2 protein chains.
Amino acid sequence: MNTDDFTVAQRIHDGFDGLTRAERQLANIILENYPVSGLGSITALAENAEVSTPTVARMARKLGFGGFPDMQKQLRHELEATISDPLTKHDKWAADAPDTHILNRFADNVIDNLRNTLKHLNAAEFDKIVALLSDTEHTVAVVGGRLSHTLASYFFTHMQMMRDGVTLIERNSSSWPHYLLSLKEGDVLVMFDMRRYEQDLLRFAEMAKARGVRIILFTDQWGSPAGKAATHQIHSRIEVPSTWDSSVVTMFILEAIISAVQSQSWESSKDRMEELEALFEKTRLFRKFI
Amino acid sequence: MNTDDFTVAQRIHDGFDGLTRAERQLANIILENYPVSGLGSITALAENAEVSTPTVARMARKLGFGGFPDMQKQLRHELEATISDPLTKHDKWAADAPDTHILNRFADNVIDNLRNTLKHLNAAEFDKIVALLSDTEHTVAVVGGRLSHTLASYFFTHMQMMRDGVTLIERNSSSWPHYLLSLKEGDVLVMFDMRRYEQDLLRFAEMAKARGVRIILFTDQWGSPAGKAATHQIHSRIEVPSTWDSSVVTMFILEAIISAVQSQSWESSKDRMEELEALFEKTRLFRKFI
DNA sequence: TGCTTCTTGAAGAATATGTTTCAGAACGTA
DNA sequence: TACGTTCTGAAACATATTCTTCAAGAAGCA
């Protein structure tokens, strides 16, 4: 026990780059439920991580232990130290940072935002939005504001993978009239407008509504003026201890919607995905999973 | 496992009167450093308590377990329950939707991701990254992959508002060599590479490193191969009940970094922000806060 | 004291654990 | 594509653990 000072977690972090695929998989399982997951038998741990026992033994060596039992001993030592230390109250997020560290303050805040957003979110409304977006009878256009364009782009990228007829409207509002032309009655416009609400978006929404376009609006808790033109809207909490507002909760909702659309239209999107995979494979643009 | 509800400690207390001298001696050792002392081998525990191994095995039976390993299993369960954070136990997020609604499942999952990410995030490393990004002596370039380009873009947009010398590298990798040319020793490259790690990003990272560029890598829990070239890296948990991975946690970290950079360099960025405001005002592109 | 019952640990048997070896798979490279 | 390298898990092996047996010793009792 010469290098007792380094925790198993620390050694994993330090040596993470040198770990192989299976070893990383294992490392993650160990860290996931740390340190309990490492206290059982080597067999149990291996099964849990879906790797072989030799992999576990090898990694223990790689991390500088004599073997698996040696590593386990270290885990027990750490646990002992942790448990006897009353300071280890788990009211902190980033364990090694003080409560007042921005990470911890931010985390508290974002969780709060998420909780409040969901509390005031109507699940039925959510489901309707998902249904609208799954309906391939109508096209979907996505538009965002100065800062929220990123969210629009993120949403577009995923939707595009799942279905036909999805357009991302350019950032520059001078081209918007052209896009408006191709939007027909019943089509869907997904709009992002967070505080510092933008005049152009409001006008765009109004004109789209006049054409019979159905608008799904993502806005903040105070609500964009474009809300008047929207068929459905989702209000996210965006305040955080920062000069800027947070997009985390909105992104959360977007991902939930994407996931729901995907599972709703799995039959049709499955083929599409496979085709896409094949295309990527052909162009060899992307490596396979390591 | 029928009487799982009783902890080992409880069973010891309840059955203490029925224990023999050697067994009591053993029981005291178990309770003394509970539950760690019971997590080693039966031999170690026996030696620790100065009794024989059969005594340990017998007592485990006596307390109602199938044997020593069975008792140990229970100890690990208890430990897990103790250690795991009660914050997760938010039965429902979206109040009017069933537990199984995608919103609730997603919320549980994302919180889990956030917790695990932060638990294994090094706050010192975070602070170093913030310092690097606050240093205006060197330029900052931001690059992302197919799906993570959005994150790169989000980060860029905010950084650009706070400081000079920030570049967003185009999506199309054929133009990357040009960007490489303008990166000098000591400059900072912020890279995003999530699973389906991209070959081009790896090569870009290697070449940048060769030029003495310091790389901040945002990757997932498994780690991009570009990690070998990175000066600092942040691993986010990205798995959610969806066909795609989640960017929520990464975005959370980004926002925290942005906020930290902002407060770190407030003196210099304040003027810049005001100038920016004035410009926006002039071009009347954006309405004031309603 | 002598008898019985209970407790205890040494020793060996049964079992599970941990390690090593090795061949095939996956990967990187030319 | 072909080659060399690295990674991985099945299987055999060595080792440690846990359990069982059993006899010696302690404790209680007449």
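Just so we're on the same page: letters track the sequence lines, and every chain starts at 1. Keep in mind it's a predicted model, so treat the numbers as computed, not measured.
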[atom2] on [Y] to [atom1] on [X], rounded to 0.5 Å:
| X | Y | atom1 | atom2 | value |
| --- | --- | --- | --- | --- |
| B/Leu133 | B/Lys128 | CG | NZ | 14.0 Å |
| A/Ser153 | A/His158 | OG | NE2 | 10.0 Å |
| B/Met194 | B/Gln221 | CE | CD | 10.0 Å |
| A/Leu26 | A/Arg21 | CG | CZ | 11.0 Å |

Axial bend angle, the helix from C/dT1-D/dA30 to C/dA30-D/dT1: five-pair end segments, nearest 10°: 30°
Tell me the interatomic distance from [X], atom [atom1], to [N], atom [atom2], rounded to whole angstroms.
| X | N | atom1 | atom2 | value |
| --- | --- | --- | --- | --- |
| A/Leu45 | C/dT19 | CG | P | 12 Å |
| A/Asp70 | D/dT15 | CG | P | 17 Å |
| A/Met59 | D/dG9 | CE | P | 13 Å |
| A/Gln72 | C/dT17 | CD | P | 11 Å |
| B/Trp222 | D/dC7 | CH2 | C1' | 20 Å |
| A/Gln25 | D/dC7 | CD | P | 15 Å |
| B/Glu47 | D/dT18 | CD | C1' | 14 Å |
| A/Met71 | C/dT19 | CE | C1' | 15 Å |

Please list each protein N or O that sits under 3.5 Å from an N or O in nucleotides 7-10 of chain C, with the distance.
residue, atom, partner, partner atom, Å
C/dT8, OP1, B/Arg21, N, 3.4
C/dT8, OP1, B/Ala22, N, 2.7
C/dT8, OP2, B/Thr20, OG1, 2.3
C/dG9, OP2, B/Ser52, N, 3.3
C/dG9, OP2, B/Ser52, OG, 3.3
C/dG9, OP2, B/Thr55, OG1, 3.0
C/dG9, N7, B/Arg58, NH2, 3.2
C/dG9, O6, B/Arg58, NH1, 3.4

Close aromatic pair by centroid cut-off 6.0 Å: B/His120 and B/His235: no
Is there a side-chain contact (heavy atoms from CB on, under 4.5 Å) between A/Phe252 and A/Val248 once you walk through the steps? CA-CA 6 Å; A/Phe252 167 88; A/Val248 169; 5.6 Å; no
Considering all heavy atoms, the nearest A/Glu255-B/Ser247 contact: OE2-N, 2.5 Å
Side chains of A/Arg61 and A/Phe65, heavy atoms from C-beta outward: is any pair under 4.5 Å? no
B/Thr250 and B/Ser236: side chain donor to acceptor below 3.5 Å: yes
Under-4.0 Å side-chain N/O to phosphate OP1/OP2 contact, A/Arg61 with C/dT20: yes
